[in-house]
Amino acid sequence: MLISGSILSDKVSTKDAVKCMENANVDYLHIDVMDGKFVENKSYTIKEVMDLTKYTNKQLDIHLMVKNPLRYIDAFSMLNTAYITFHYEAVRNPDEIIDSIKNKGIKVGLSIKPKTNVNEIEKYLSKVDLILIMSVEPGKSGQSFMDSVIYKTEILKKLRDEKKYNFIINIDGGINNESFPKIKDNVDMVVSASYLLSGNAREKVESFKKCN
Ligand code: DX5
Ligand code: ZN
């Protein structure tokens with residue numbers, strides 16, 4: 001299991017959150033970029049993300065909750081970025097965004113909100129490296145996991161097996177010791193902010209990792 005530590009929090013400062021994830025031995029640092037348009041909240045300008053990379057050697061897993069992903073791709077591809085994930089619901093032409101991330105040599109993720117069905121993104125499954133299932137409405141940390149998205153992890157895994165696709169399955173929102181067992185057999189990566197930032201992050205990451 002891969003763990004992507006999200007630093008989005010209204011309780012812990014960005015710097016402390018980055019330190020916490022460093023010490024917890026997460027695989028990636030998950031950066032939630034919000035533009036105040038695709039979602040209500042705003043977070044992390046390009047400059048702020050550049051600044052926070054001074055405190056970490058972790059590879060970045062960037063989650064763009066923005067209407068215009070193209071604006072961010074150049075700058076984020078200059079950082080130590082493993083994945084750039086954008087929202088299917090945010091853009092008119094997902095192929096254009098997929099190609100422009102790939103052209104920078106960065107892995108591409110495609111994310112769907114809780115009410116978006118997997119069949120809507122089926123034509124992109126052969127082209128992306130990661131699918132991010134949102135298990136809360138995107139926009140803030142600290143919300144409860146929605147059981148109603150569990151079936152999507154099962155469908156995606158089945159489709160991947162049948163059609164020999166290469167994407168990994170990631171899930172984001174409300175991941176903790178109670179929700180984790182519900183999805184652990186179907187996903188390759190989990191994102192977590194508030195659960196890890198509330199103490200004993202290292203042990204929690206270890207126990208997630210032990211599961212397979
Ligand atoms: C929500 C963000 C998440 C958020 C997760 O829109 O995409 O990455 O930080 O926070 P928790 O783990 O607290 O649900
Ligand atoms: Zn996120």
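For reference, positions follow the sequence shown, starting with 1. Just follow the structure's listing: the first ligand is 1, and inside any ligand the first atom is 1. If you're wondering where the values come from, they're calculated on a predicted model, not measured in any experiment.
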Suppose we measure from atom 12 (O) of ligand 1 to each protein heavy atom; which comes out shortest, and what is that distance?
Ala193 N, 2.8 Å

Show which atoms of ligand 1 fall inside a sub-4.0 Å distance from at least one heavy-atom site of His30.
8 (O)

Suppose I only count heavy atoms of Val191 and a 4.0 Å limit; which atoms of ligand 1 are within that range?
8 (O)

Nearest 0.5 Å, what's the OG-CG distance between Ser126 and Leu159?
11.5 Å

Under a 4.0 angstrom heavy-atom cut-off, which atoms of ligand 1 come close to Gly142?
11 (P), 13 (O), 14 (O)

Determine whether the side chain, the backbone, both or neither of Ser141 has a heavy atom under 4.0 Å from any heavy atom of ligand 1.
both

Is it true that the side chains of Asp32 and Ser6 contain a donor and an acceptor less than 3.5 Å apart?
yes

Going by atom types only, do Ser100 and Asn103 share a side-chain donor-acceptor pair under 3.5 Å?
no

Is Ser179 reaching over with its side chain to a backbone N or O of Asn176, donor-acceptor style, under 3.5 angstrom?
yes

So the atoms of ligand 1 within less than 4.0 Å of a heavy atom of Gly173 turn out to be 14 (O)

Do other residues, nucleotides or ligands put more than 12 heavy atoms under 6.0 Å from Glu137 CD?
yes

Shortest protein contact, atom 9 (O) of ligand 1 (heavy atom only)
Ser6 OG, 2.9 Å

Among protein heavy atoms, which lies nearest atom 6 (O) of ligand 1, and at what distance?
Gly139 N, 2.7 Å

Looking at Phe76 versus Tyr83, is the centre-to-centre ring distance below 6.0 Å?
no

Heavy atom of Met34 under 4.0 Å from ligand 1?
no

Looking only at distances, can you tell me whether any N or O atom of Glu137, backbone or side chain, sits closer than 3.5 Å to an N or O atom of ligand 1?
no

Check the side chains of Gln59 and Thr81 for a donor-acceptor pair under 3.5 angstrom, ignoring hydrogens and angles.
no

Going by the order shown, which atoms of ligand 1 are within less than 4.0 Å of some heavy atom of Leu8?
9 (O)

Tell me, which N, O or S atom in Asp172 is closest to the Zn ion (ligand 2)?
OD2

Atom 13 (O) of ligand 1: nearest protein contact (heavy atom, Å)
Ser194 OG, 2.3 Å

Pairing donors with acceptors under 3.5 angstrom, does anything connect the side chains of Lys204 and Ser198?
yes

Tyr28 six-ring centre to Lys58 NZ/CZ under 6.0 Å and within 45° of normal:
no

Step by step, would you call Arg160 with Asp188 a salt bridge (Lys or Arg N to Asp or Glu O under 4.0 Å)?
CA-CA 12 Å; Arg160 181 176 64 188; Asp188 310 285; 3.0 Å; yes

In the protein, which heavy atom is nearest to atom 1 (C) of ligand 1, and how far is it?
Lys140 O, 3.5 Å

Geometry at the Zn ion (ligand 2) - His30 NE2 versus Asp32 OD1 angle, rounded to 10 degrees
90°

of all protein heavy atoms, closest to atom 2 (C) of ligand 1 is Asp32 OD1, 3.4 Å

When you look at Tyr55 and Asp16, which way does the side-chain hydrogen bond (donor to acceptor under 3.5 Å, both in side chains) test go after all the steps?
CA-CA 10 Å; Tyr55 309 109; Asp16 286 346; over 6 Å; no

Quick note on ligand 1: atoms under 4.0 Å from a heavy atom of Ser192 include exactly 12 (O)

Lys182 and side-chain contact (heavy atoms from CB on, under 4.5 Å): which single residue from Ile175, Ile150, Thr153 fits?
Ile150

Looking only at N, O or S atoms, find the one in His63 nearest to the Zn ion (ligand 2) and name it.
ND1

Show the atoms of ligand 1 that are less than 4.0 angstrom away from any heavy atom in Met134.
6 (O), 7 (O)

When you measure from atom 14 (O) of ligand 1 to every protein heavy atom, which one gives the shortest distance, and what is it?
Gly174 N, 2.7 Å

Any donor-acceptor pair under 3.5 Å linking the side-chain atoms of Tyr72 with those of Asp35?
no

I need the nearest protein heavy-atom contact for atom 3 (C) of ligand 1: residue, atom name and distance, please.
Asp172 OD1, 2.9 Å

Number the atoms of ligand 1 from 1 as they appear, then name those within less than 4.0 Å of a heavy atom of His63, with their elements.
7 (O)

